[in-house]
Amino acid sequence: MESNISRDHIALEAMKCMMMTAKRRRTLWNRVVTLFFPSKEASVTNYYYEGQAKSAYQIADAMIKERNKTEEE
């Protein structure tokens, strides 16, 4: 059975998962602001887009390779 899920779609889903688990950077100033104004979350999430995109496509390629291997068996 042929799957219609493309490499780009698999990479997109992998990228979403990686971005959800990215670490948030909080500077000293952001921590001070949060102490006095708890409702203002002042942290910045750093994403290394190029590296994450390469990793996402590597995951997608591995998933497609595994899918094709199980179809051949």
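Atom CD1 of Ile64 and atom OG of Ser6 lie 7.5 Å apart (nearest 0.5 Å).
Legend: residues meeting side chain to side chain donor-acceptor pair (under 3.5 Å) with Glu13, ordered by chain and number and at least two apart, are Lys16. Considering only residues two or more places apart in sequence or on other chains, Ala14 meets the side chain to side chain contact (heavy atoms under 4.5 Å, CB included) condition with Ala56, Ile59. Asp8 is linked by a salt bridge (charged side-chain N to carboxylate O under 4.0 Å, His left out) to nothing, counting only residues two or more places apart in sequence or in another chain. Looking at residues two or more places apart in sequence or on another chain, you find a salt bridge (charged side-chain N to carboxylate O under 4.0 Å, His left out) between Lys69 and Glu66.
Scanning all heavy atoms of the two residues, the minimum distance from Gln52 to Met19 falls at OE1-CG, 3.8 Å. Residues Arg7 and Ala60 come closest through the heavy atom pair O-CB, 3.6 Å.
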